[in-house]
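Just so we're clear, the structure is a prediction, and the values are computed from it rather than from any experiment. Ligands are counted one by one from 1 in listed order, and the atoms in each one are counted from 1 as well.
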Amino acid sequence: MITKCLFPVAGYGTRFLPATKAQPKEMLPILTTPLIQYGVEEALAAGMQNIAFVTGRNKRAIEDHFDITYELEDQINGTSKENQLHSIRELIGRCTFSYTRQAHMRGLGDAILTGEMLIGNQPFGVILADDLCVGEPDNVMAQMVRVYEKYRCSVVAVEEVPLGEVDKYGIISGAQLDDEHIQIERMVEKPAPQDAPSNLAVIGRYILTPDIFEILRSTPPGKNGEVQLTDALQTQAAEGEVIGYRFQGRRFDCGSVDGFVEATNFFYARRAETP
Ligand code: G1P
């Protein structure tokens, strides 16, 4: 059973300035729900009720979101507005939340390593909240748990991206096991198109085995001078210990304005269809 999910949320969100000047990018809403809440809902529905955040300065709003807001709740208790708190109250009731801070922005790999004390020696999920995923019938993390149960090694969600965009992602290649699963052999962080081993990109969903921490400790800074999770995963991949999974569903890059608007339109249309 995988019960823990790690959310690295220390990043600045500079692509959304000035909106993210004084609030975390993870609190930007798609309709009325902040991005981070979609991520935590996905983790919980995949069986991961222990939520671990690697947070940073100016991210207090995330902690407050997953807590009771006493004065507000007291005011609206018993009114029709109370309904709007139903989803977050359910998460607060069913999950545990723990936090640690990443003091310096040294990359995703460093953020994951900072979370070690919250995770311990067990496999765990990782969700990057600005990749908003919709899976049918099961969400993407729940699909990945099934992949983990079959292969018992690290799993990364992958999808094809245009060749011109490979420099935004970790790019993989390897042996195709069947339509959905790839035994990864190579992983490169944000390669130039001419250096990319394929156009299969890792998106922000991972299941990691805990040996990743030891590997991260000895992984030198890579692309952009940051400790890259992709480089640590390459060490596991060289041992045949990483599966790439082509998930069923759709992913919106809510770290970009275009993806954010697409997600908004998608959820708005879906809400209009729901009776
Ligand atoms: C991170 C990872 C990258 C991955 C991407 C998915 O990059 O470093 O390998 O493909 O998330 O969203 P970031 O978007 O944080 O620059």
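Ligand-side atoms of ligand 1 in range of Thr230: 9 (O), range being under 4.0 angstrom from any heavy atom. Of all atoms in ligand 1, numbered sequentially from 1 with element shown, those under 4.0 Å from a heavy atom of Leu128 are 11 (O).
Checking Gln37 against Glu41 by side-chain atom types alone, a donor-acceptor pair falls below 3.5 Å. A donor atom on one side chain and an acceptor atom on the other are found under 3.5 Å apart for Thr209 and Gln236. A donor-acceptor pair shorter than 3.5 Å can be found between the side chains of Gln248 and Glu180.
Less than 4.0 angstrom separates atom 10 (O) of ligand 1 from at least one non-hydrogen atom of the protein. For atom 14 (O) of ligand 1, no protein heavy-atom neighbour is found at a distance under 4.0 Å.
Not close to ligand 1: Gly255, with no non-hydrogen atom less than 4.0 angstrom away.
At under 3.5 Å, a nitrogen or oxygen of Val202, whether backbone or side chain, sits near a nitrogen or oxygen of ligand 1. For a threshold of 3.5 Å applied to N or O pairs, the pair formed by Glu189 and ligand 1 contains at least one separation below that value. In terms of N/O distances under 3.5 Å, ligand 1 is approached by Gly170. Between Asp131 and ligand 1, at least one N/O pair is under 3.5 Å apart. By the 3.5 Å distance cut-off applied to N or O atoms, Lys190 is counted among the residues near ligand 1.
With Lys4 contributing its side chain and Ile119 its backbone, the two residues share a donor-acceptor pair below 3.5 Å. Using modelled atom types, no side-chain atom of Ser173 and backbone atom of Pro197 make a donor-acceptor pair closer than 3.5 Å.
Under the 6.0 Å cut-off for aromatic ring centres, Tyr245 and Tyr148 do not qualify, their centroids lying 6.0 Å or more apart. Taking the ring centroids of Tyr38 and Phe267, they lie under the 6.0 Å cut-off.
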